[in-house]
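These notes are about the structure you will find just below.
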Amino acid sequence: MHVNLRNLDDTERLAARVAVRALAGDFIGLSGPLGAGKTAFARAFLMAMAARQRVPAPAEVPSPTFTLVQSYQLGAIEVAHYDLYRINSPEEAAELGLDEAHARGIVLVEWPERLGDRLPRDRLDIALSVDATEQRQATLTTHGTWRTRAL
Ligand SMILES: Nc1ncnc2c1ncn2[C@@H]1O[C@H](COP(=O)(O)OP(=O)(O)O)[C@@H](O)[C@H]1O
Ligand SMILES: [Mg+2]
């Protein structure tokens, strides 16, 4: 599924649509080059999830560029936001607690391709792109059990 993201409102709308469907145990990969909007999507997703859980929105959603992971407890659901750009091997993601976070809640993962063959089979991939004229697009691809879920 392709979605044009003409502005941040469109990104927020798409993130809210995904957040309504997301469940504990879900892996959502956010791919695309630097500046494509991966962190912006994650931020919008967390805001939408807080609203859905009827809890206050996180005061801030910093990019996990340096911390590599930021975790949020939103009511009954935990969301862990990873940025794997700086890891050197898939094993480093395991050291960052990715498998446990995935087992407990939802994981949003920027640069999921860094996981190599540790990439989960059941996942939603959201590929973000921005072209030379600043046109942004998201391409959603479902894998494994996600294929039978409505988006
Ligand atoms: N439609 C849009 N969707 C997402 N981000 C947008 C959009 N339009 C402009 N932006 C801006 O583009 C930038 C994307 O940066 P960021 O989300 O940090 O990218 P990434 O995490 O992919 O490197 C942000 O400054 C954001 O405000
Ligand atoms: Mg980012």
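Both ligands and their constituent atoms are indexed starting at 1 by order of listing. Keep in mind the model is a prediction, meaning the values are calculated, not measured.
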Could you establish whether Ala36 and ligand 1 come within less than 4.0 Å of each other, counting only heavy atoms on the residue side? yes
Does an N or O from Leu34, backbone or side chain, lie closer than 3.5 Å to an N or O of ligand 1? no
Looking only at protein heavy atoms, identify the closest one to atom 23 (O) of ligand 1 and say how far it is in Å. Gly35 N, 2.7 Å
among protein heavy atoms, the one nearest atom 19 (O) of ligand 1 is Gly37 N, 3.2 Å
Numbered in order shown, the ligand 1 atoms found under 4.0 Å of a heavy atom of Pro33 are 22 (O)
Does any donor atom in the side chain of Thr39 or Glu110 lie under 3.5 Å from an acceptor atom in the other side chain? yes
Mind checking whether Val61 and Val55 sit in one hydrophobic cluster, side chains of I, L, V, M, F, W, Y counted as touching below 4.5 Å? yes
Give the numbers and elements of all ligand 1 atoms closer than 4.0 Å to a heavy atom of Lys38. 17 (O), 19 (O), 20 (P), 21 (O), 22 (O), 23 (O)
Among all protein non-hydrogen atoms, which one is nearest to atom 18 (O) of ligand 1, and what is the separation to 0.1 Å? Thr39 CB, 3.7 Å
Asp99 and Arg118 ion-paired at < 4.0 Å: yes
For a side chain to side chain contact (heavy atoms under 4.5 Å, CB included) check, start with the C-alpha distance between Ile106 and Phe45, then their side-chain angles and the critical distance, and finish with the verdict. CA-CA 11 Å; Ile106 297 167; Phe45 179 95; 4.2 Å; yes
Is there a donor-acceptor pair closer than 3.5 Å between any side-chain N or O of Glu12 and the backbone N or O of Leu14? no
Measure Glu110 to ligand 1 on non-hydrogen atoms and call it side chain, backbone, both or neither using the 4.0 Å cut-off. side chain
Closest non-hydrogen protein atom to atom 17 (O) of ligand 1, residue and atom name please, with distance? Ala40 N, 2.8 Å
Has Tyr85 got an N, O or S atom lying less than 2.8 Å from the Mg ion (ligand 2)? no
Do Val18 and Leu140 pass the side chain to side chain contact (heavy atoms under 4.5 Å, CB included) test, and can you show the C-alpha distance, the side-chain angles, and the key distance before you say yes or no? CA-CA 10 Å; Val18 175; Leu140 281 66; 4.2 Å; yes
For atom 27 (O) of ligand 1, what's the nearest protein heavy-atom neighbour? Residue, atom name and distance, please. Leu8 CD1, 3.8 Å
Residue and atom name of the nearest protein heavy atom (relative to atom 3 (N) of ligand 1), distance in Å to one decimal: Thr11 OG1, 2.6 Å
Same cluster or not: are Leu151 and Val3 linked, directly or through other Ile, Leu, Val, Met, Phe, Trp or Tyr residues, by side-chain heavy atoms under 4.5 angstrom apart? yes
Given a cutoff of under 4.5 Å between side-chain heavy atoms of I, L, V, M, F, W and Y, with clusters grown through shared members, what are the other residues clustered with Tyr82? Phe27, Leu34, Leu68, Val69, Leu84, Tyr85, Ile87, Leu96, Leu98, Val107, Val109, Trp111, Leu115, Leu119
Take atom 21 (O) of ligand 1 and look for protein heavy atoms under 4.0 Å from it; say yes if you find one, no if not. yes
Can you name the N, O or S atom of Glu110 that is closest to the Mg ion (ligand 2)? OE1
Could you please spell out the steps behind the side chain to side chain contact (heavy atoms under 4.5 Å, CB included) verdict for Arg149 and Trp146? CA-CA 5 Å; Arg149 290 167 62 175; Trp146 262 99; 3.5 Å; yes
Give the intermediate values and the outcome of side chain to side chain contact (heavy atoms under 4.5 Å, CB included) for residues Leu5 and Arg13. CA-CA 9 Å; Leu5 305 174; Arg13 243 189 308 278; over 6 Å; no
Out of Leu30, Asp9, Asn7, Asp83, who is nearest to atom 1 (N) of ligand 1 when you count heavy atoms only? Asn7
Under a 4.0 Å heavy-atom limit, does Arg136 contact ligand 1 with its side chain, its backbone, both, or neither? side chain
